[in-house]
Peer 1: 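Take this structure first; my questions come after.
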2 protein chains.
Amino acid sequence: MLTIGALGKKTGTKVQTVRYYEQIGLMPEPGRTEGGQRRYGDAELDRLSFIRHARQLGFPLEAIRELLDLSDNPDCSCAEADSIARRQLKQVEQRMARLEALRTELQRMVHECSGGNTSECRVLEVLRDHSECLTNHEEIGA
Amino acid sequence: MLTIGALGKKTGTKVQTVRYYEQIGLMPEPGRTEGGQRRYGDAELDRLSFIRHARQLGFPLEAIRELLDLSDNPDCSCAEADSIARRQLKQVEQRMARLEALRTELQRMVHECSGGNTSECRVLEVLRDHSECLTNHEEIGA
DNA sequence: TGTACATGCTCTAGCAGCTAGAGGTTCAAT
DNA sequence: ATTGAACCTCTAGCTGCTAGAGCATGTACA
């Protein structure tokens, strides 16, 4: 039986995060000691490992919830899990493409900066005038 | 003189967002009509364009605050603006490297999935067992 | 001049996915 | 019995917005 701290250590999860997962229903309510402390077994360890691994791959918690459901029903078709993964892959590819464009623009800004004072700083100039940009980087935040 | 809605339209910013920028001190308090509605001039238009452009390039609001300060003092050395841009470039490059690793892993998951039921789904298997991963993707969220 | 109605106002709460802290309790070792 | 680390709950905060309630203003048209 593991304490919440031990569970956290084994999975690389902060204690608060484990409790948070419980709160939003991603982790089950565990057993408790007489004094009210959480104790975890192997099933919970596996589940949390699954969650953390999926998080490392960038899956949002809602997708992980679905994946856990699928994983709990071994007779379901795996098509759905596959489509969740494909969706995630697509997102990653989109973000990469966007970052690529940003990198190009930032490199250009930085390389052209000659080091005078701010009145002739290329970095600030480019920010002031969007038309100086070569690439499209319309959407914010992706 | 522009209403907040017109300003938003010109810069691709939602009205709420403009007010938010004012609230956190990134945009100045504008003049008001007798009835209390905000009215903006060209200086504010330029400032908001600057902010939005920097956001599109992924700069966090705090960095933008610094860049605006620098931009307001044309005699300062541009070294600082340069270093902010370099920092941002570095972050973009780090994120790209991370996404690259994730993409590889997700591609592998997806390509190996043969389409049976979930008990033998590669997607779920990989998530269950981290040791199946080829790449390191330790940190979450980057 | 009246009236419709788009747009404006403030205030509060919510999103993801945690993280940190206050103030108090339990557990395990000595 | 006592210490001290680790646990408990609860609340609030982070980034960068976004949405909605409930009301006021501004403008165009008849």
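To find a chain, count down the sequence lines: A is the first, B the second, and so on, and within it residues start at 1. In this text the structure is predicted, and so the values were computed from the model without any measurement.
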Peer 1: Which residues pass the salt bridge (Lys or Arg N to Asp or Glu O under 4.0 Å) test with A/Arg128, sequence neighbours left out?
Peer 2: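 A/Arg128 satisfies salt bridge (Lys or Arg N to Asp or Glu O under 4.0 Å) with no residue once adjacent residues are dropped.
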Peer 1: Which salt bridge (Lys or Arg N to Asp or Glu O under 4.0 Å) pairs, counting each pair once, include a residue from residues 4-18 of chain B, with sequence neighbours left out?
Peer 2: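 Output for this query is empty, none listed.
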Peer 1: Using the side-chain hydrogen bond (donor to acceptor under 3.5 Å, both in side chains) criterion, which residues pair with A/Glu66? Sequence neighbours excluded.
Peer 2: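 In terms of side-chain hydrogen bond (donor to acceptor under 3.5 Å, both in side chains), with neighbours along the sequence ignored, A/Glu66 is linked to no residue.
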Peer 1: In residues 7-14 of chain B, what residues come within less than 4.0 Å of DNA chain D, judged by heavy atoms?
Peer 2: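 DNA chain D contact set from residues 7-14 of chain B: B/Lys14.
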Peer 1: Residues in salt bridge (Lys or Arg N to Asp or Glu O under 4.0 Å) with A/Glu93, at least two apart?
Peer 2: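 For A/Glu93 there are no salt bridge (Lys or Arg N to Asp or Glu O under 4.0 Å) partners, ignoring immediate neighbours.
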Peer 1: Going by the rule side chain to side chain contact (heavy atoms under 4.5 Å, CB included), which residues pair with A/Asp129 if we only count those two or more places apart in sequence or in a different chain?
Peer 2: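 Once residues adjacent in sequence are excluded, the partners of A/Asp129 under the side chain to side chain contact (heavy atoms under 4.5 Å, CB included) criterion are A/Ser131, A/Glu132.
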Peer 1: Check this one for me: any side-chain N or O of A/Tyr21 less than 4.0 Å away from OP1 or OP2 of C/dG17?
Peer 2: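 Negative; the distance criterion is not met.
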Peer 1: Reckon A/Arg65 touches a base, only the sugar-phosphate, or nothing at all at heavy-atom distances under 4.0 Å?
Peer 2: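 Nothing, no heavy atom under 4.0 Å.
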Peer 1: Strictly by salt bridge (Lys or Arg N to Asp or Glu O under 4.0 Å), give each pair with a member in residues 67-80 of chain B just once, sequence neighbours left out.
Peer 2: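 Salt bridge (Lys or Arg N to Asp or Glu O under 4.0 Å) check on residues 67-80 of chain B returns B/Arg47-B/Asp72.
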Peer 1: Is there a path of hydrophobic side-chain contacts, each under 4.5 Å between heavy atoms, that joins B/Tyr40 and B/Tyr20?
Peer 2: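 Same cluster: B/Tyr40 reaches B/Tyr20 through Ile, Leu, Val, Met, Phe, Trp or Tyr contacts under 4.5 Å.
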Peer 1: In whole angstrom, give the distance that lies between atom OH of B/Tyr20 and atom P of C/dC9.
Peer 2: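 These atoms are roughly 18 Å apart.
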Peer 1: Can you tell me how far P of C/dT7 sits from CD1 of B/Ile4, to the nearest Å?
Peer 2: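 That distance rounds to 14 Å.
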Peer 1: Once you apply a heavy-atom cut-off of 4.0 Å, does B/Ile24 come out as touching a base, just sugar-phosphate, or nothing?
Peer 2: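 No contact.
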Peer 1: At the 4.0 Å heavy-atom cut-off to chain A, mark where contacts on DNA chain D begin and end, going 5' to 3'.
Peer 2: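 That gives a stretch of D/dC7 to D/dT9.
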Peer 1: Answer with yes or no whether the hydrophobic clustering places A/Ile24 together with A/Phe50; edges join I, L, V, M, F, W, Y residues whose side-chain heavy atoms lie under 4.5 Å apart.
Peer 2: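 Linked within one cluster.
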Peer 1: B/Ala81: which residues meet the side chain to side chain contact (heavy atoms under 4.5 Å, CB included) condition with it, sequence neighbours left out?
Peer 2: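 Result, side chain to side chain contact (heavy atoms under 4.5 Å, CB included) vs B/Ala81: A/Cys121, A/Val123, A/Leu124, B/Leu67, B/Leu70.
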Peer 1: May I ask you to evaluate whether B/Arg19 reaches the phosphate of C/dG8, defined as a side-chain N or O under 4.0 Å from OP1 or OP2?
Peer 2: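 No, B/Arg19 has no side-chain N/O under 4.0 Å of OP1/OP2 on C/dG8.
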Peer 1: Select base, sugar-phosphate, or nothing to describe what B/Phe59 touches, counting heavy atoms under 4.0 Å on all strands.
Peer 2: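 No contact.
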Peer 1: Under the salt bridge (Lys or Arg N to Asp or Glu O under 4.0 Å) test, which residues partner A/Arg19, sequence neighbours left out?
Peer 2: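 Scan of A/Arg19 (salt bridge (Lys or Arg N to Asp or Glu O under 4.0 Å), adjacent residues dropped) gives none.
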Peer 1: Which comes earlier along DNA chain D counting from the 5' end, the contact point of B/Thr3 or that of B/Gln16, where each point is its nearest nucleotide?
Peer 2: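 Closer to the 5' end of DNA chain D: B/Gln16.
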Peer 1: Under a 4.0 Å heavy-atom cut-off, which of residues 25-46 of chain A touch DNA chain D?
Peer 2: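 The stretch gives A/Arg32, A/Gly36, A/Gln37, A/Arg38 as the residues lying under 4.0 Å from the strand, ordered by number.
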Peer 1: Which residues satisfy the salt bridge (Lys or Arg N to Asp or Glu O under 4.0 Å) test with B/Arg39, sequence neighbours excluded?
Peer 2: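 Testing B/Arg39 for salt bridge (Lys or Arg N to Asp or Glu O under 4.0 Å), a comparison that skips the adjacent residues, returns none.
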Peer 1: Mapping B/Gln23 and B/Ala6 to their closest nucleotides on DNA chain C, which lands nearer the 5' end?
Peer 2: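 Checking each residue's closest nucleotide, the 5'-ward one belongs to B/Ala6.
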